[in-house]
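Note sheet for the following structure.
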Amino acid sequence: MTQTTADSPARRQRAQIKERTLRTDPWWRYPLITFIIFMAFLVYATWAIFDTSYFMAPYHAPFASPCLATSCPEGARLFGFAPFGDWYTLPPGLLILGLPAGFRFTCYYYRKAYYRGFWLSPPACAVNEPHKKYTGESRFPLILQNVHRYFFYAAIVVGLILAYDAVKALIEKPDGLGTWILIVNAILINLYSLSCHSCRHITAGRLNHFSKHPVRYRAWNVVSKLNAKHQELALVSMFSVMGADLYVRLVAKGIIAFSFA
Ligand code: FES
């Protein structure tokens, strides 16, 4: 049997088929819908980052939380903390954008989805791709996707801050619709983070005997159940963060009422 190495031609390209595909089902739906949904999210996120109406006490738009700039309104600052001085005049959301964005960009689910929907690499199983060369994720630049585990730690911190925003809103305005929108969003964001494959590895990676680590075994069981729903949580939390963010901005702009309660 011939062995393939990392540099052998067999490893540098995918299996080639003459037909574009032999599939007869509407395989193009998944990459097309993925492309439309992700593009909508990217367009919204870009608008939100540069929109200045991100705060209406006690609500804080998730895309701009934590607010770390001096330009943030007093109540919007995390514990009154504003480490960036007057010299920082760009939108506050830009300061933290890289953490949740990096987490989602390097997520295993999103990778699969945008490799198919945006790069068509491949567009679907058993469908020929337009690219001539394939080097996988073992080389630059895609090897950088391995930083995902570090983004996971940052995502846990961001998730806790969103939970803090939700609890703060609950204390200050328990009957507000926005309060419950922020609470649901914080729960979904944190469930998505905890369902991460890196989190599952942290709970039980490198263990040889579960019997000697009962706490980690229990944690692994919980995270594994969440992990089985990772794709769903990735999508639902994406919609929830977009919806919560839009709600707070519309309230802050005075377009909708502060509370329906
Ligand atoms: S694998 Fe999706 S968030 Fe970690």
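Indexing begins at 1, ligand by ligand and atom by atom, following the structure's order. When a residue number appears, it is its place in the shown sequence, counting from 1.
- Disulfide criterion (SG-SG under 2.5 Å) for Cys72 and Cys67: met.
- The number of protein N, O or S atoms lying under 2.8 Å from atom 2 (Fe) of ligand 1 is 2.
- A donor-acceptor pair is defined here as one N or O able to donate and one able to accept, closer than 3.5 Å; such a pair exists between the side chain of Ser193 and the backbone of Ile189.
- Relative orientation of the Phe38 and Tyr110 rings is tilted, given thresholds of 30° and 60° on the angle between their planes.
- Ile96 is listed as a side-chain neighbour of Pro66, based on a closest heavy-atom distance under 4.5 Å.
- The CD atom of Gln145 sits 9.5 Å away from atom NE2 of His148, with the distance rounded to the nearest 0.5 Å.
- Although no hydrogens or angles enter the test, the distance criterion places no donor-acceptor pair under 3.5 Å between the side chain of Tyr59 and the main chain of Tyr247.
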